[in-house]
Amino acid sequence: MVSKPSIGLADLPNEIIIHILTLFPTHQLLPFTTISHRIHALILTIIHTRILAITSSPSKRLILECYHPSAKLSTPYFFCDYLYTEPFALSSSSPTSSPSPLSQLRNLYSYFRPTPPEGDRKVWRPQPSGGWSWVPISSVIDKGEEEGEEGEELVSQDIYLESHELFTQLQNVVNVVKTGPKKDLFLSCVTVGEGLVRVWRDWLKERAEGVAKGKGEEEEEIEKRLLWSDTQKHVGLRLRVNERQDERAPALVSRDEDPNVGYTLQYEELVVRSSQLLLMMEDSLDRDIGNTGKAIVIVS
């Protein structure tokens with residue numbers, strides 16, 4: 001009796017292998033990339049497809065919190081609109097050929113734009129006479145003097161440095177949330193990245209001078225406007241800096257003393273590592289299954 005030849009993984013067509021691999025979450029797919037060049041390339045294709053699909057998901061939103069540590073309770077959060085993801089291509093049109101390095105996919109970034117709050121949201125704000133009270137969010141956020149590429153209003157905030165201050169600090173927190181029936185009702189929340197960045201006086205001066213001299217759209221200047229929130233470069237914020245002219249100079253200033261300065265920081269783009277975003281969003285999906293019927297309410 002003639003035995004039938006055994007069929008291994010290498011004998012299956014790409015369509016069937018892809019169908020099998022898509023059943024695994026991304027963190028379980030990564031160890032399979034060492035099996036062969038073919039499997040490596042197919043997994044890269046699956047992960048890239050997932051990145052493009054999940055970044056534009058209408059049920060998942062990114063929210064940005066950017067505040068000075070002393071103003072954590074009184075600074076609102078901002079929803080972020082998806083702009084684009086950097087292109088990625090395999091070394092050849094055929095997935096069976098030599099694959100691209102996995103590090104190339106890891107270094108892809110997705111870009112978002114923080115948007116001004118809508119509706120009648122309010123925030124908890126300290127009062128000069130003492131105590132706290134709810135105030136309209138429009139009285140807290142600063143409206144940018146310039147607009148984005150498509151004419152939309154940029155979210156911004158004012159910062160001031162006294163003569164003895166060399167820098168200010170901004171705490172950045174980026175979360176992935178699943179919105180509920182109401183926009184401020186979150187069914188799940190997962191942190192993508194967070195960190196504390198120092199915004200130095202000299203950096204602010206150079207960026208403001210670049211805008212004043214019309215160098216704001218030069219590629220080198222655009223890259224310098226990007227501040228990373230963490231050493232892994234998972235999350236970054238690209239800022240446009242405009243110097244304010246309403247800061248009063250002190251009556252007496254030492255010759256070696258820096259002047260008091262004020263700047264308006266406009267949030268041009270939120271930059272997020274695509275692979276980190278994908279892993280956190282998949283984690284959020286797992287939490288959705290485990291937390292069915294529960295909700296998180298963030299009031300602001």
Exercise: identify the closest heavy-atom pair between Leu21 and Arg50: O-NH2, 4.0 Å
Electrostatic pair Lys224:Glu206 at N-O distance under 4.0 angstrom: no
Leu170 versus Leu265, closest heavy-atom pair with distance: CD1-CD1, 4.0 Å
Residues in salt bridge (Lys or Arg N to Asp or Glu O under 4.0 Å) contact with Arg273, at least two apart in sequence or another chain: none
Within 6.0 angstrom of Glu220 CD, more than 12 heavy atoms from elsewhere: no
Closest contact, heavy atoms only, Val241 versus Val211: O-CG2, 3.5 Å
Set of residues satisfying side chain to side chain donor-acceptor pair (under 3.5 Å) with respect to Thr231, sequence neighbours excluded: none
Any side-chain donor near an acceptor of the partner, Tyr160 and Glu165, under 3.5 Å: no
Sidechain N-carboxylate O distance under 4.0 Å for Lys205, Glu243: no
Any Val271 side-chain heavy atom under 4.5 Å of Val235 side chain: no
Minimum side-chain heavy-atom gap Val190-Asn175 below 4.5 Å: no
With sequence neighbours excluded, residues passing salt bridge (Lys or Arg N to Asp or Glu O under 4.0 Å) with Lys72: none
Pair Arg61 + Asp81: basic N to acidic O under 4.0 Å: yes
Any Val174 side-chain heavy atom under 4.5 Å of Thr191 side chain: no
Qualifying residue for ring pair (Phe, Tyr, Trp, His ring centres under 6.0 Å) with Phe112, from Tyr82, Tyr84, Phe78: Tyr82
Other cluster members, Val173 - Ile/Leu/Val/Met/Phe/Trp/Tyr, side-chain contacts below 4.5 Å: Tyr67
Leu204 side chain near Val261 side chain, heavy-atom distance below 4.5 Å: no
Under the salt bridge (Lys or Arg N to Asp or Glu O under 4.0 Å) test, residues paired with Asp230 that sit two or more places apart: none
Side chains of Thr75 and Glu65 in contact at under 4.5 Å (non-hydrogen atoms): no
Short side-chain donor-acceptor distance under 3.5 Å, Thr264 and Asp158: yes
Closest non-hydrogen atom pair, Ser110 against Ile51: OG-CG2, 4.5 Å
Closest heavy-atom pair and its distance - Leu12, Ile17: O-CD1, 3.7 Å
Backbone of Phe79 reached by a side-chain donor or acceptor of Thr115 within 3.5 Å: yes
Exercise: identify the closest heavy-atom pair between Leu196 and Pro69: CD1-CG, 4.0 Å
Close side-chain approach of Leu62 to Val176, heavy-atom, < 4.5 Å: yes
Salt bridge (Lys or Arg N to Asp or Glu O under 4.0 Å) partners for Glu15, two or more places apart: none
Validation row, ring centre Trp228 to ring centre Tyr109 under 6.0 Å: yes
Of Glu86, Arg238, Glu268, the residue whose pairing with Tyr111 passes side-chain hydrogen bond (donor to acceptor under 3.5 Å, both in side chains): Glu86
Under 3.5 Å: donor-acceptor pair, side chain of Thr45, backbone of Ala41: yes
Donor-acceptor side-chain pairing of Gln266 and Asn242 below 3.5 angstrom: yes
